[in-house]
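Notes for the one structure printed next.
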Amino acid sequence: AAAVAAAVLCARAIPVVAYDNGAPQARLPALGWSSWEAFGPGAAHPVRDYCDANSVMAAADAFHEVGLYDAGYRSFHLDDCWSIKERNGSGYIQADPTRFPDGMTPVIEYVHGKNLTFGLYTSGGPTACMSSRAGSRGHWVQDAAAFASWGVDWVKMDWCGGSDVNGSYTNMSRALNQTGRPMGFNMCEWGVDSPWIWGDRVAQSWRISGDHAGTWVSTKGAIRKSASIARKYSGRPYGWNDLDMLQTGNGAQSGYDPTFPPPNMTLAESITEFSMWAIAASPLLVTTPIMNCTAEEASAAFAARQPSSQPPRARSADAPCSATLVRKISEAPCTSGVTFGCLGTNSTKKMWVRGCRGVFACDGVDNVVCNEECKTYPTQPCNFTCACSGGGPSPPPPKPKPGPSPPNPPKTCVGTLNEVQKIILLNREAIAVNQDVTPQGAPVIDNDLTVWARNLTGGSVALALYNEDDVPRSIGVPSFELLGWSSTARATVRDLWTHTDNGTVVGHLGNVSVPPHSTILLRLTPI
């Protein structure tokens, strides 16, 4: 017991600061939501790694509607869903012009308007894990500059196609800092190079293992991996071991990774997932649908979310005018009434374009070339007008491009969580165990995963009585010396899932029966 108590006291002496570059909300483990398994086009079922501008803005609304914001969540992250593989002429990464026709800036500004920080994904290879999207290898400085110019607050860098783990993450970290905009950095190299040893020099968090799925096997494996990390590499302010995104309450409604079995955890297993992520001080980023949506042509909610800089519109006194796309030249989408159109009287009729370039038929005039290049696209689309006259030869056909990306349809969405998610994700007492500056929790006895402890600010200790077995198990704390307390210490006991005060204990915590795959999360406060 004395040796264990010494280990607990040693954990308290771990340096209190790791990688602080001024990024917002980086001192504590990230607490928020991720798009990874949460979006689908229009009102369609969510699919893995999908997002579009309308979905993002609707989810920012839903973030508040379902109570995540009131419970303390502040981080809003897009995973591998937003870019295209092709870079612009200057080599900068680009948002998918079909899904994000106005670029990333308007949606990031919308999320910031909801008082949330915005996180964005990239990968350390030449392409992202979804190979139709760009990775950052060889473009560290350009991509960091793009993220900063758009207003990104946090960057996750995956490891598909990567080489030289330490060098790649160091290069991106340096590039992010050189922009002058403080951005948090998450290393997602799946624990292949023991990032808990060196990651705190370049990032605020690092994945310790592969992707987490919504199954008990995956949950149990992540907990075992956390327990295996030496105490001297404990998470601490500005440097946290990341067990990956929470699958809390996910089931058939989520866009789960098809390479894994469908999410199927029970309520008890989901409580264990959240409890153990919390006591291990892992980032708590839940990836789950948080809204129900109805597709429609237009709606007041959809209109309210549109950027304020709209293309010119015809005055009511103008005569009817029409424009039809014959051939698209631009990378930017050409959508009638959105990125191109026609206005003016019979004598002054003209076309307008917003990012779109192409050959049009304008009120009966063929081969109207409106091909003004927008040098600020996609960061800021340009508005141009072209006279509906003259005509001329058609330009050469464009180079072949990848197949079309799913569209960006308008929809009306209502924020929603299922009952399991309400019970777990909004539990402020469990969240408080996670949102502390003390070193992460760990098993109090080596090679025994049943009792985990985390010292909390103010002197309390969070305890997790954890049963990974398939049968009930009797678990307790035979001596408070295991917690670094005296053998005669007195403490009150608070159950953080039943929200009940369970009396006072002296010197030890008696055994209780913990059901299979379950966790009892307690807060012991010395008196």
Side-chain angles (χ1 to χ4, degrees), residues 29-40 45-48 59 62-73 75-77 79 211-223 243-257 260-280 282-293 413-435 462 464-468 470 472 495-500 514-522:
L31 179 61
W33 174 90
S34 168
S35 69
W36 187 40
E37 297 184 353
F39 283 147
H45 190 283
V47 293
R48 180 172 62 113
F63 195 107
H64 284 259
E65 293 167 7
V66 301
L68 292 177
Y69 185 89
D70 289 342
Y73 294 75
S75 299
F76 185 102
H77 294 174
D79 210 77
D211 288 352
H212 171 49
T215 65
W216 175 244
V217 170
S218 177
T219 298
K220 180 171 65 173
I223 295 167
L243 277 67
D244 197 16
M245 288 176 278
L246 292 161
Q247 295 278 346
T248 309
N250 270 345
Q253 90 281 8
S254 69
Y256 61 88
D257 188 333
F260 295 110
N264 61 357
M265 288 197 294
T266 65
L267 173 60
E269 291 166 348
S270 291
I271 287 176
T272 286
E273 177 197 45
F274 198 89
S275 298
M276 300 308 289
W277 264 240
I279 203 165
S282 170
L284 298 181
L285 291 170
V286 61
T287 179
T288 186
I290 57 173
M291 57 192 186
N292 287 330
C293 299
C413 301
V414 178
T416 183
L417 294 177
N418 61 38
E419 291 306 310
V420 169
Q421 292 162 345
K422 290 176 185 177
I423 291 170
I424 296 173
L425 299 179
L426 305 182
N427 183 344
R428 300 187 189 193
E429 292 189 273
I431 291 170
V433 170
N434 177 262
Q435 295 289 288
L465 309 182
Y466 166 60
N467 179 14
E468 71 170 12
D470 298 333
D495 189 311
L496 305 186
W497 288 109
T498 63
H499 305 291
T500 57
V514 181
H517 304 180
S518 296
T519 299
I520 296 175
L521 188 63
L522 305 173

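Starting from 1, each residue takes its place in the sequence as its number.
Residues that satisfy the side-chain hydrogen bond (donor to acceptor under 3.5 Å, both in side chains) test with T288, not counting sequence neighbours, are N250, Q421. For Y256, there are no ring pair (Phe, Tyr, Trp, His ring centres under 6.0 Å) partners two or more places apart in sequence or in a different chain. W497 meets the ring pair (Phe, Tyr, Trp, His ring centres under 6.0 Å) test with no other residue; sequence neighbours excluded. With sequence neighbours excluded, no residue satisfies side-chain hydrogen bond (donor to acceptor under 3.5 Å, both in side chains) with N264. The salt bridge (charged side-chain N to carboxylate O under 4.0 Å, His left out) test applied to E429 returns R494, not counting sequence neighbours. Judged as a salt bridge (charged side-chain N to carboxylate O under 4.0 Å, His left out), and not counting sequence neighbours, E269 has no contacts. Under the side chain to side chain contact (heavy atoms under 4.5 Å, CB included) criterion, V514 pairs with L465, N467, I475, V512, S518, I520, not counting sequence neighbours. S75 is linked by a side-chain hydrogen bond (donor to acceptor under 3.5 Å, both in side chains) to nothing, counting only residues two or more places apart in sequence or in another chain. Partners of S35 by side chain to side chain contact (heavy atoms under 4.5 Å, CB included), not counting sequence neighbours, listed by chain and number: W33, F39, L78, D79, C81. For the ring pair (Phe, Tyr, Trp, His ring centres under 6.0 Å) test, residues two or more places apart in sequence or in another chain that qualify with H64 are Y69. Evaluation of the side chain to side chain contact (heavy atoms under 4.5 Å, CB included) rule for N434 yields P29, A278, L284 as partners, not counting sequence neighbours. Remark: A464 pairs with M276, I279, W452, T519, L521 by the side chain to side chain contact (heavy atoms under 4.5 Å, CB included) rule, at least two apart or across chains.
Rounding to the nearest 0.5 angstrom, the gap separating the CG atom in L267 from the NE2 atom in H517 is 14.0 Å. In this structure, CG on L68 lies 5.5 Å from CG on L417, to the nearest 0.5 angstrom. Here L426 contributes atom CG and I431 contributes atom CD1; the two are 7.0 Å apart, rounded to the nearest 0.5 Å. Distance CH2/W216 to CD/E468: 7.0 Å, rounded to 0.5 Å. Here CG of L425 is found 5.0 Å from OG1 of T248. Values are rounded to the nearest 0.5 Å. Interatomic distance, CD1 of I290 versus OH of Y73, reported as 11.0 Å (0.5 Å rounding).
Smallest separation of non-hydrogen atoms from S270 and M265: OG-CB, 3.9 Å. Scanning both residues, D244 and S282, for their nearest heavy atoms gives N-OG, 4.5 Å. Pairing each heavy atom of A62 with each of G415, the nearest pair is CB-CA, 3.8 Å. Pairing each heavy atom of P263 with each of S254, the nearest pair is CG-OG, 3.8 Å.
When atom types are taken as modelled, the side chain of T287 and the backbone of M245 share no donor-acceptor pair closer than 3.5 angstrom. Panel note: side chain T272, backbone A268; a donor-acceptor pair is recorded below 3.5 Å.
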Using the side chain to side chain contact (heavy atoms under 4.5 Å, CB included) rule, take T219 and W277 through it: C-alpha gap first, then chi angles, then the decisive distance, then the call. CA-CA 10 Å; T219 298; W277 264 240; 4.0 Å; yes
Walk me through it: do H212 and L243 pass the test side chain to side chain contact (heavy atoms under 4.5 Å, CB included)? CA-CA 8 Å; H212 171 49; L243 277 67; over 6 Å; no
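Between F260 and Q247 there is no side-chain heavy-atom pair separated by less than 4.5 Å.
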